[in-house]
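Every chain is numbered from 1 and lettered A, B, ... according to where its sequence line falls, protein lines coming before strand lines.
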Amino acid sequence: MSNTAQVIVNIPARTIDKPFSYVIPAHLAHVDVGWRVLVPFGNRNIEAFVIGLEAENPEGLKSILDILDDYPWFDNNMLATAKWVSEYYLCSLAEAMRLFIPGHTGIKTEKYYQAPDSADLEQAAVVLASKPEEYRTVLSYIYENGPVNLTHLRKLTGNIDVILKFFLQRNLIVPVNTVTKRGRPSYKTIVNLAVSREVAAHAEQTLLKTKPAQRRLLAELLYHQQLDTTQIRRLNISQNAVKQLIATGLITPRSVPVIRNSYSKTVTNYQNIMLTSEQQAALSLIIPAIKDSHQKSFLIHGVTGSGKTQVYIEAVAAARQLGRQAIILVPEIALTSQIVSRFRAAFGDDIVVMHSKLSVGERHDAWRRLRAGEAGIVIGARSALFAPVSNLGIIIIDEEHEFTYKQEESPRYHAREVALIRAKLSGSIVILGSATPAIETYYEALTGKHTLITMQKRVDDAPMPPVTVVDMREELAKGRRSVISEALQEMLTQVLARKEQAVILLNRRGYSTFVLCRECGHVLKCRHCDIALVYHASANTLRCHYCQERHAVPDTCPECGSRYIRYFGTGTEKVEEALATLFPAARIVRMDQDTTGAKMAHDKILSAFAAGDYDILLGTQMVAKGHDIPNVTAVGIISADTALNLPDFRAAEKTFSLLTQAAGRAGRGVKAGRVIMQTYNPEHYAITAGADHNYQGFYQSEIQFRHQLNYPPYTKLIKITVQSGNEAGVHHSASQLAAQLNQLLTATGTLIIGPFPASINKIKDIFRVNIIIKTHDLSGARKCISALGIANRKDIIIDIDPVNVL
DNA sequence: AGTCACCATCGC
DNA sequence: CGATGGTGACTG
């Protein structure tokens, strides 16, 4: 009989990355691997996850205090997935297991203060005599109001921490720790008959003649079986009548959990849509694989408008018919409401939607619906990958090339990689979909890791919009200095005349991107970050886009005092102004981080634009994603090379994918579309291939470049960042670390690059220095890092498979 | 993470 | 001298 449990305490500190043993008390004998429990740890109570059982019972162990659910939270494949994440990404098992808990922790602990059992009032009076008045206030407040929490006490005085410590030391107050479970279901009371229908019917006829309200309730219950409190109130039956009828023993109350559902029901209208031959071909490969129950992955490379979503829906339907569950990942739920509504139209209440705006309680409800089998499909951002689905059949990752699938805090996992592992452990299939697959993914498809499915035709057979590349150097040579080229102006004039709509993309917000003194060449920089300040005309301030600090606009140069300060570079605000000057009658709406701060602002702008309230939608990359508006016939890209010159080996890939996405917004309806790309690098392959809608061409150039410089997919990368407020210290410990790595990592083909300062050397007063390890032997490099013990150093970040190396 | 013990330092 | 503050070890 096993009476000891090994648990992982839910504390994300690397220094406690090991199991702890606890006695399983007799009344919790059913506790097993995967259960969430409450354990005493140090002198507090902590949530923990059971990962093993043992029969032995060494002396001196503490006992598990309680269980947190009445079912195991983790099943075997969730546990194995967490284990894989912790080993691959070099994080603790607790950090990986937390991914499966909405809000990272399942309990909330709060400290209360109260009078001790035997409060020594005399001593209190003596002690208080020499102390300021606020001490007296705090103590009498605690004594009079019983257990009070810190937030309450803070309102009394500013100096609360010192005062509490003073009283605690003299034993005039004692702390009480409370544990509340987060995401508890809310309950409602329902009543049903407690006796047979015959007895109830008889009672209704005879007994209750003089009690009309109780009689009506009984009659309703004979008809409806059960009623909840709101339904009863609606029938104009009082609480008191219900209570009295319960007292007779004819009916009984029962408490049942309420599922909070922030989505109203949508009608299921799953239509049989005629599939294109490409869609049918894709499904003829995918559906048999779902039935096979072996891990298999597909890459659907489909141009925008080729109908990938319909393939996803059919594949999910096939999985559901087999009783298996589905996880659908989208890059960002706010930008992908269209795919969500398509799925909801097809599957109705079988869907649970996860997004960042859900409260922790709502997330738990969503999880409960999945566990209870009330829903079989979860759709959401990367965290939805950790949904508690026990019979997984399919994982879909839409727009798989998006960098939002990489978590930029520990554990720094990539949803694509974790999905492949979870699928392998559960015998599911994975579908990766994109118009511009990540270079690594496409390479893996060509080399057989994924089955490649290509969809080249748009559903309505519409052609891809023709793209004109405008060389801005020639514009300047012609003497035209505007940010809007002649060709773009002409296209917009035509679009406006035809009452059609245009989308303008510029991936930079603000008015001017830097401010320079023409006398001494000084560029205004943020005090806390090594970055130029951006001028925002709307608020007439200079802003740092990294620490959000606002600075007043100076009249004179802070360096030399000259009044010759000028604004350079172009952001969305300046383009908005230029457009308004060129087209005074046009209705223009700007969409960027500054105009979408409010909740749902993003959706509002897009739907107003879709409804025809505006002629031109202008904004940052968010205008390039996830919408499909038939009247948009023109797309203008102000500066196609914004990202191209960044010192990142993925700069070309980022550029190509953004251009392709933006271009894909034009001509989605019956009207033909046009695209104009303005650039200073018209001959760069990312631009030429983007203009030709030529993924293959781009891939060939890019893979060659990766091969020559030995970048992924030909090697694996690890990025090690050393950070600290002390500039000299960072450089010192980084070079020390690099020297150690050079000594240990001697495998051929392993290269240590750096240390070199991060491209933004300082952010929020923290200096960062990077070391990149390029290797064919990832697990060897990982072992070496573990051996050095740097994985749990606070000033070091280790990023396996980083998505940016800046 | 959060707690506590330990030691160095500070102010009267 | 005790009060304060920073560091490091430890949690079963």
Margin query: For a salt bridge (charged side-chain N to carboxylate O under 4.0 Å, His left out) check, start with the C-alpha distance between K716(A) and D777(A), then their side-chain angles and the critical distance, and finish with the verdict.
Written below: CA-CA 8 Å; K716(A) 284 280 194 175; D777(A) 176 21; over 6 Å; no
Check: Going through the checks in order, is the ring-ring contact (aromatic ring centres under 6.0 Å, His included) test met by F386(A) and F74(A)?
Finding: CA-CA 10 Å; F386(A) 303 99; F74(A) 295 90; over 10 Å; no
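Contact check for Q6(A) versus Y22(A): no side-chain heavy atoms found under the 4.5 Å cut-off.
Figure legend: cation-pi geometry between R422(A) and W84(A) absent, as NZ or CZ is not positioned both under 6.0 Å from the six-membered ring centre and within 45° of its axis. Taking the ring axis of Y88(A) as reference, the NZ or CZ atom of R782(A) stays within 45° of it and closer than 6.0 Å to the ring centre.
The distance from atom CD1 of I107(A) to atom P of dA1(B) is 16 Å, rounded to the nearest whole Å. Straight-line distance from the NZ atom of K794(A) to the P atom of dG6(C): 13 Å, rounded to whole Å. When rounded to the nearest whole Å, the span between CZ of R793(A) and P of dT7(C) equals 15 Å. Remark: C1' of dG12(C) and CG of L53(A) are 15 Å apart, rounded to the nearest angstrom.
Separating the OG atom in S359(A) from the CZ atom in R182(A) is a distance of 10.0 Å, to the nearest 0.5 Å.
A heavy atom lying under 4.0 Å from DNA chain B marks the following residues of residues 38-48 of chain A, by number: N43(A), R44(A). Across residues 5-19 of chain A, I16(A), K18(A), P19(A) each have a non-hydrogen atom less than 4.0 Å from an atom of DNA chain C (numbered order).
A salt bridge does not link R543(A) to E549(A): none of the charged nitrogens lies less than 4.0 Å from a carboxylate oxygen.
Side chains of D801(A) and H414(A): no donor on one and acceptor on the other come within 3.5 Å.
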